[in-house]
Amino acid sequence: MAEQQQQAQLQVTAPNKSILNDKWDVVLSNLLVKSGLGFGVGVVASVLIFKRRAFPVWLGIGFGLGRGYAEGDAIFRSAAGLRTSKA
């Protein structure tokens, strides 16, 4: 009987693997899309404004990766309840 209670308690506290896998899928696809958009904006800015220099492309990729990371961090923190603060 005690063993069944321990298993039930373990099932309640352990996160579901499919939920975690779904979150990783969202985070990785979001990171890929944001960095791709940053790359595209960087290429367009490089061609149209900066006489085909490389820094706008790298800057766009950096902004895209940063936004993807920030949104992924928010997705995982919201699941753990770490971002819920009362003012």
Side-chain angles (χ1 to χ4, degrees):
M1 188 70 168
E3 189 175 318
Q4 290 176 345
Q5 288 176 346
Q6 287 178 347
Q7 287 179 351
Q9 188 178 20
L10 181 64
Q11 289 175 351
V12 171
T13 58
N16 192 356
K17 288 184 180 181
S18 67
I19 293 173
L20 190 60
N21 288 338
D22 292 341
K23 286 184 189 238
W24 271 111
D25 289 343
V26 169
V27 168
L28 291 176
S29 66
N30 194 13
L31 188 71
L32 186 65
V33 168
K34 299 287 185 196
S35 60
L37 286 172
F39 175 77
V41 169
V43 166
V44 169
S46 175
V47 169
L48 295 179
I49 300 171
F50 296 106
K51 299 180 185 177
R52 297 182 188 205
R53 303 221 175 147
F55 78 90
V57 176
W58 291 109
L59 190 65
I61 291 173
F63 276 116
L65 288 173
R67 283 302 302 158
Y69 177 80
E71 291 179 13
D73 185 47
I75 288 171
F76 281 114
R77 286 183 182 263
S78 68
L82 296 175
R83 291 228 174 172
T84 55
S85 62
K86 295 180 181 178

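All heavy atoms count here, side chains included; hydrogens, waters and symmetry mates do not.
- Hydrophobic cluster membership is shared by Leu28 and Val26, with clusters built from Ile, Leu, Val, Met, Phe, Trp and Tyr side chains linked at under 4.5 angstrom.
- Both Leu65 and Val43 sit in one connected hydrophobic cluster of ILVMFWY residues. Membership requires side-chain heavy atoms under 4.5 Å apart, directly or through other members.
- Applying the side chain to side chain donor-acceptor pair (under 3.5 Å) test to residues at least two apart or on different chains, the pairs with a partner in residues 24-46 are Asn30-Glu71.
- Taking hydrophobic clusters as Ile, Leu, Val, Met, Phe, Trp and Tyr residues chained together by side-chain heavy-atom distances below 4.5 Å, Leu37 does not share a cluster with Tyr69.
- Across every non-hydrogen atom of Phe76 and Val27, the tightest pair is CE1-CG2, 3.7 Å.
- Remark: Val41 pairs with no residue by the side-chain contact (heavy atoms from CB on, under 4.5 Å) rule, at least two apart or across chains.
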Residues 52-64, side-chain donor-acceptor partners within the protein, below 3.5 Å, at least two apart:
none

